[in-house]
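Please read the structure below before turning to the comments.
The structure presented is a predicted model; accordingly, all values stated were derived computationally and were not measured.
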Amino acid sequence: MKVLLTGFEPFGGETLNPSAEVARAVAADPPKGVKIVTAELPVAFGPDVETAWPLWDEFQPDLFLSLGQGGGPAIRIERYAHNTRREREWRRGKLAPCEDDAPILPGEPLAYETPLPALSLESALREAGIPATVSRDAGDYVCNHLYYRSLHRADQAGGAPRVVFVHLPLLPEQAARQPGAPCLSREIMAQGVRQILEELRRSDSG
Ligand code: PCA
């Protein structure tokens with residue numbers, strides 16, 4: 001199974017993004033039978049997909065698994081992408097008010113749902129001892145934008161590749177600067193992403 005596995009660059013005043021760290025770790029040690037191409041995407045509407053599309057075109061993956069930093073205590077398997085985006089501005093790590101709020105692709109569907117079994121992926125992770133949950137809202141920032149554009153593109157192409165987005169908690173180094181914030185280690189998050197790939201490889205070949 002060929003997988004395009006992406007993470008994002010650090011944003012919002014952070015120097016790390018768990019998604020890029022975990023994508024690199026999994027690409028360096030992929031599950032058996034999984035061939036990975038990985039990339040770190042810019043956190044910007046437009047440049048995110050302009051970086052991902054050439055890899056998609058060249059590699060023709062069976063699966064596009066994109067990762068992003070979401071915070072919270074668990075790995076979040078995103079079930080839906082919504083046709084809405086809102087620009088963000090960070091000032092010293094804090095969100096500043098911003099007026100921009102617009103559809104991603106005017107006239108296109110309000111939302112897309114991943115074709116992948118989010119609920120059974122959640123169960124597989126939890127059975128493996130990894131905190132996981134299904135989310136119905138990927139937000140309105142760049143992660144949701146990439147997800148919406150990817151599901152739209154796959155839909156236009158007749159449903160290939162399969163696409164799913166996963167939000168990750170903070171890393172311990174990040175949470176150490178925000179006392180009380182939940183986090184997971186790189187190792188546990190990488191194990192979770194490997195578990196997802198193994199589940200999907202099984203269903204891909206079966
Ligand atoms: N998380 C942001 C954008 C980049 C990232 O890692 C989001 O959830 O939209």
Side-chain angles (χ1 to χ4, degrees), residues 4-23 39-53 56 64-116 118-119 121-122 131-156 161-171 174-175 178 181-184 189 193 196:
L4 176 57
L5 176 66
T6 63
F8 279 101
E9 66 182 358
F11 69 105
E14 294 285 344
T15 54
L16 288 171
N17 188 320
S19 62
E21 304 275 314
V22 169
E40 183 176 315
L41 305 180
V43 181
F45 296 117
D48 56 347
V49 294
E50 285 151 22
T51 308
W53 286 178
W56 176 321
F64 179 25
L65 170 56
S66 37
L67 308 175
Q69 171 185 313
I75 292 179
R76 267 180 10 227
I77 300 151
E78 297 293 349
R79 189 162 179 181
Y80 303 103
H82 293 95
N83 191 5
T84 183
R85 53 170 257 182
R86 190 162 175 222
E87 192 53 89
R88 294 280 195 282
E89 240 186 277
W90 267 274
R91 296 199 193 110
R92 297 192 193 166
K94 294 253 184 309
L95 212 50
C98 190
E99 294 303 313
D100 172 62
D101 177 14
I104 292 169
L105 294 175
E108 295 296 321
L110 190 59
Y112 283 103
E113 180 177 6
T114 177
L116 291 164
L119 295 170
L121 291 176
E122 178 199 28
T133 178
V134 171
S135 160
R136 285 158 195 82
D137 183 0
D140 56 11
Y141 195 40
V142 180
C143 290
N144 174 72
H145 177 260
L146 174 68
Y147 198 18
Y148 185 86
R149 296 283 309 266
S150 303
L151 285 168
H152 178 264
R153 188 179 164 178
D155 186 56
Q156 303 271 302
R162 299 183 298 166
V163 174
V164 67
F165 193 94
V166 172
H167 264 126
L168 299 175
L170 299 180
L171 289 163
Q174 296 176 290
Q178 303 173 39
C183 63
L184 285 180
M189 293 198 265
V193 171
I196 291 173

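- For Y80 and Y112, the gap between ring centers reaches or exceeds 6.0 Å.
- Across all their heavy atoms, H145 and G46 have their closest contact at CE1-N, 3.6 Å.
- Residue F8 comes nearest to G68 through the heavy atom pair CD1-CA, 4.1 Å, listed as atom of the first residue, atom of the second, then distance.
- At a threshold of 4.5 Å between non-hydrogen side-chain atoms, the residues Y148 and R85 do not count as touching.
- In this structure the side chain of L105 reaches within 4.5 angstrom of the side chain of H152, judged on heavy atoms.
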Exercise. Step by step, work out the side-chain contact (heavy atoms from CB on, under 4.5 Å) result for V166 and L65.
Key: CA-CA 7 Å; V166 172; L65 170 56; 3.8 Å; yes

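- Residue-environment remark: CG (L119) exceeds the threshold of 12 foreign heavy atoms within 6.0 Å.
- Going from atom CG of D140 over to atom CG of N83 covers 12.0 Å, rounded to the nearest 0.5 Å.
- By the 4.5 Å heavy-atom criterion applied to side chains, L67 and V22 are counted as neighbours.
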Please table the atom pairs, donor to acceptor, closer than 3.5 Å between any side-chain atom in residues 70-78 and protein atoms at least two apart or in another chain.
unit_1: R76; atom_1: NE; unit_2: E78; atom_2: OE2; d: 3.4
unit_1: R76; atom_1: NH2; unit_2: H167; atom_2: ND1; d: 3.4
unit_1: E78; atom_1: OE1; unit_2: S135; atom_2: OG; d: 2.7
unit_1: E78; atom_1: OE1; unit_2: A138; atom_2: N; d: 3.4
unit_1: E78; atom_1: OE2; unit_2: S135; atom_2: OG; d: 3.4
unit_1: E78; atom_1: OE2; unit_2: H167; atom_2: ND1; d: 2.7

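- Closest non-hydrogen pair, L170 versus Q178, comes out as CD1-NE2, 3.9 Å.
- When all heavy atoms of R86 and F45 are compared, the closest pair comes out as O-CZ, 3.6 Å.
- The shortest non-hydrogen separation linking Q174 to P18 is OE1-CD, 3.4 Å.
- In this structure, CZ on R149 lies 8.0 Å from CD on E50, to the nearest 0.5 angstrom.
- The CD atom of E21 sits 11.0 Å away from the CG atom of L168 when rounded to the nearest 0.5 Å.
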